[in-house]
Amino acid sequence: MGTTASQLGKDLLSEYQELTFLTKQEILLAHKRFTELLTKDEKDLPNTRVSMERVLTLPELKSNPFRKRICYVFSTSEQKDGSLTFEDFLDLLSAFSDSATLEIKSHYAFRIFDFDDDGTLDCGDLEKLVNCLTGETDETRLTTEEMRQLINNILEESDIDKDGTVNLSEFQHVISRSPDFVSSFKIVL
Amino acid sequence: RERHRAKRRDGDREKKKRRKGRRRRASRAGEREDELQARHEKREAGRRKRAKNYQESEGRERDEEEQAQIKTGKTAKTKKNIKNEKTRKVEQEEGEAEERNAKGKKKHGSAKKEEKDEDGGKCAAKEKTQEVKKKKHKRKGADTLNSLSPEELEKLKEAVDERKKLIQGLRGKPWSMKKKLVTLRESQEFVEKYEGALGKGKGRKLYAYKVMMAKKWMKFQRDFENFKTACIPWEMKIKEIESHFGSSVASYFIFLRWMYGINMILFGLTFGLVMVPEALMGRPYGSIPRKTVPRAEEASAMDFAVLWDFGGYAQYSVLFYGYYNNQRAIGWLKFRMPLSYFLVGVGTVAYSYMVVIRTMARNANESGVGDDNSFNFSWKTFTSWDYLIGNPETADNKFASITTSFKEAILEEQESRKDDNIHLTRFLRVLANFLVLCCLAGSGYLIYFVVRRSQKFALDGLDTHTWWERNEVNMVMSLLGMFCPMLFDVISALENYHPRVALQWQLGRIFALFLGNLYTFIIALMDEINLKREEEKIVKFNITTWEASLYNSTVSENSTGPPITIQPADVPRGPCWETMVGQEFVRLIISDTMTTYITLLIGDFLRAVLVRFLNYCWCWDLEAGFPSYSEFDVSGNVLGLIFNQGMIWMGAFYAPCLPALNVLRLHVSMYLQCWAVMCCNVPQERVFKASGSNNFYMAMLLVILFLSTLPAIYTIVTIPPSFDCGPFSGKKRMFDVIQETLESDFPAWFSKVFSSASNPGLVLPFILLMVLAIYYLQSTSKSYKEANVELKKKLQTQNEENKKKNKRAALKAQMDLEEARKAASQTADSSQRLYHGKNRRNPPAPVREQGLPATRAPVPRNYHHGNHGAPGYLPGFPRQSEPRMHRVPSLQRH
């Protein structure tokens, strides 16, 4: 732990604390876990990117159906390959932390569910989302008829302006009333 | 508005500037420039154009304001050249983040900051700050020339405050870390630089001091927060479990930890205020009869079997009520022992009530919002995944349970579900309830029977009976608590309820069973107390005769010599019923703990080992088939914990050692159960989320607290204390200690006031007043509730109206679209998009290139500066999200 602390630097650490919802210990732990993902020679370089495949080996993300989306959303890479720098990683953990606000959580949740990155949740997004939730195996999948019914119901409830899609404000409106979104939208290292 | 202003200006200069800027940037080497992409700019341009459309009106205002600024600027116009030079100097002093911009500024004179603008994407706040900064730089110059006017100062102050606010709100912004870092550094620099410029003379010093203190305070707060989180025990363990088993199993451990905290405080109270003072300052062991093992028991007092039963030396120690002396003040501190004992007993109960009710109220606050059912499907889709799950097996179970919940919801929605044989189900349910009732009655009778039998054994003397016969009561109670729930589980299969409903029934039944057992036990105990009290009368009579005979013999034999000293061990004494009650509870707790641990070891660990290793040489698949691994039973464990706590509350008055024992038990439990869960349990098939049931458990705890304090209070108030043991011996009632203290320790007027205050003429009106207050509060809360419902209804109708309106608008839009299609040769898609954009108060989404950075969504920001029509649209949403900000899962932060 001592080495990681010195690597991060005191100023940077306090800035990270200012900018995220994480405590000092959590940031240090995150740094430790992140450097474990790096190879030896990468460790010396500042601002290295870790490819998505390696990020997804983290047990916290491994069985999450939205793992790839999470990486894409938090990645600042230009190639859109979902690779993360340490700062991206901190952003991720901050949004998923215990004390993050509902607003920021719902914002990122929306972006995660927005599979085609077009700023709204349309039928395609919802279908992918439901498929993610029901798992990969065929036996748990919903039939097309059920899927259609389900998506219709969702739009009926949340699509307030009736444009056939759910936009961010509608999404946040729905989420803000949910009793357990904040407690389940969490990832801790 | 400033930010729009800046944006617009940028837009004007954009075209001219971009080429130059790009060239220059290409030559520059720096990490930011590396990341920079042409598409950022393009998007930026698109955004600006859009912004322009919507900010015409604001633009006008801006012009006016700028004119005003120019006017103020005129005062220092002659010095402008000097100022500019100074500005540049100032720029050079700034940190590295600023340096590039400073360069740009020098080259471009008036248009200073556009460079950074392009760099930072759509960092609106930054633009704003730049705008402000530009002004400030001029002012800095002015400041050095001592020409700061009051309104400029005011503005500067405002800007500083704005920056501060920005810094505070930065973590809540969905930006990338890099942007946040840059903004933070800039803002901090700005604040540091200009904070000192505020105020003059004395005021300045004071201001600087205040700012410094505020900073220090912030840092301290942050450190303290870090320290606090570091102090929460078992955080990592719980997190690990959370990631393996989801939040419901973790909620049990969080509950356990919370219980541990409460018991720690109870332990601190009893240990610090009762046990330690008596042990240190009270009379030592063997000085008086109540502190000595009687002669008859002396031989076996150190035997392990006796000690294990909390007899012998354990019985005559600070662990139990009987050991305490009724001396009013002990030691050089003049510690009022009996009073302290009484108050601690009352205090533990009062404290527990307070904590439980407070937690319940907090939980109720949290879950109060989300009880309407209007977003059933959306919630199921958007919020059903538990992101904490990190174990593939749990994830699979979760997938399955989500799918079933979807299917069920769809079925319910279609309402095509037919009860194929309603009479059969009804019959089966009645039958199941009948069976459960039989079980409850049977277990109650069994306990009563066993307790009565044990009394008979006790009369015979313990030595003549086997170990089983001596420990029958506790063993039977523990066994019943172990096997009846299983039986209920089997019976509930008959009923064919929805799993959630079934769980509630199950919980209710186990609760009834435990409660029944506990109360039978107490009733039997009451019988025993009565027996002891009769015995006490006889003993008392015997003692008087014994004393008389002793006195007579001393008098007759040597009347002048010193009175014969009698060993305290030889003095006959009464059966101290309080100690007996305490012992019973301690034994119960011990045997309960033992059964819990043994079940854990056998039912979980041994089973897991057998299944794991016998699977290699068995004829069917043990892991998938019949025995398989056990699941972690959250509800059963929580109930066990709650009842255990109930026993502690009940017995703590008569056995001060109970909280200590319980702390020990919970501590061991924590480690043992954490280990057992991680090594030999499989995730539950039905993965429930924790949040729903929190207050349910709390409510049960409250009920148990109430029910367990009832008998304790009853015994304290109605039964006179034993005459020769305990801190209240010699008094008529235990609470007489209060009166005694009032009379002898307080001045006379105080007791007079107290006694006159406690006369019925004053007490009755007071009670009446309280009842009235309660009635009033209750009725107001009722009316609030009604108002709440009313508002909810209103919201719904408004939503519906909006829906209708939008539908109409959509229809119209469609017609327009058709027309447009006919008229123009535009593609249907783009025009529809345009229309929808307008209709939605969102400006049309920009035509976006393929490689958009995945970090920003364009929609939210536009939303704010659209027209603000349709007031019923998402009413109260932004406000509602605010108070929820610091919300945490309810059990977690006790």
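Please read these numbers as outputs of a predicted model, since none were measured by experiment. Proteins come first, then strands; the chains are lettered A, B, ... in the order of their sequence lines, and each starts at number 1.
Both the backbone and the side chain of Lys24(A) come within contact range of chain B, each with at least one heavy atom under 4.5 Å from a heavy atom of that chain. In this structure, chain A has a heavy atom under 4.5 Å from the side chain of Ile402(B), while its backbone stays farther away.
When the candidates Asp91(A), Leu61(A), Thr23(A) are compared by the number of heavy-atom contacts under 4.5 Å with chain B, Asp91(A) comes out ahead. Considering only heavy-atom pairs separated by less than 4.5 Å from chain B, the leading option among Ile70(A), Leu150(A), Leu58(A), Leu90(A) is Leu150(A). Contact count versus chain B (heavy atoms, under 4.5 Å) is highest, among Ala95(A), Ala109(A), Pro65(A), for Pro65(A).
Looking at every heavy atom in both residues, Ser184(A) comes nearest to Trp385(B) through OG-O, 3.6 Å.
Within the 4.5 Å cutoff, no side-chain heavy atoms of Asn64(A) are placed close to those of Ile389(B). Counting heavy atoms from C-beta outward, Leu184(B) and Leu19(A) have side chains that approach closer than 4.5 Å. Put simply, the side chain of Ile151(A) does not reach to within 4.5 Å of the side chain of Phe377(B), judged on heavy atoms.
Within the 3.5 Å criterion, the main-chain N or O of Arg222(B) finds no donor-acceptor partner in the side chain of Gln17(A). Looking at Trp379(B), its side chain does come within 3.5 Å of a backbone N or O of Val174(A) through a donor-acceptor pair.
Under a 4.0 Å N-O distance rule, the pair Lys180(B)/Glu15(A) does not qualify as a salt bridge.
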Subject >> Derivation of the side-chain contact (heavy atoms from CB on, under 4.5 Å) call for Leu388(B) and Ile187(A) >> reply: CA-CA 5 Å; Leu388(B) 288 164; Ile187(A) 293 179; 5.8 Å; no
**OP:** Show the numbers, then the answer: is there a side-chain contact (heavy atoms from CB on, under 4.5 Å) between Asp386(B) and Phe185(A)?
**Re:** CA-CA 7 Å; Asp386(B) 193 342; Phe185(A) 196 76; over 6 Å; no
Subject >> Check against side-chain contact (heavy atoms from CB on, under 4.5 Å), Phe382(B) and Leu121(A) >> reply: CA-CA 11 Å; Phe382(B) 296 143; Leu121(A) 299 183; 3.8 Å; yes
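Residues passing the ring pair (Phe, Tyr, Trp, His ring centres under 6.0 Å) test with Phe89(A) are Phe34(A), sequence neighbours excluded.
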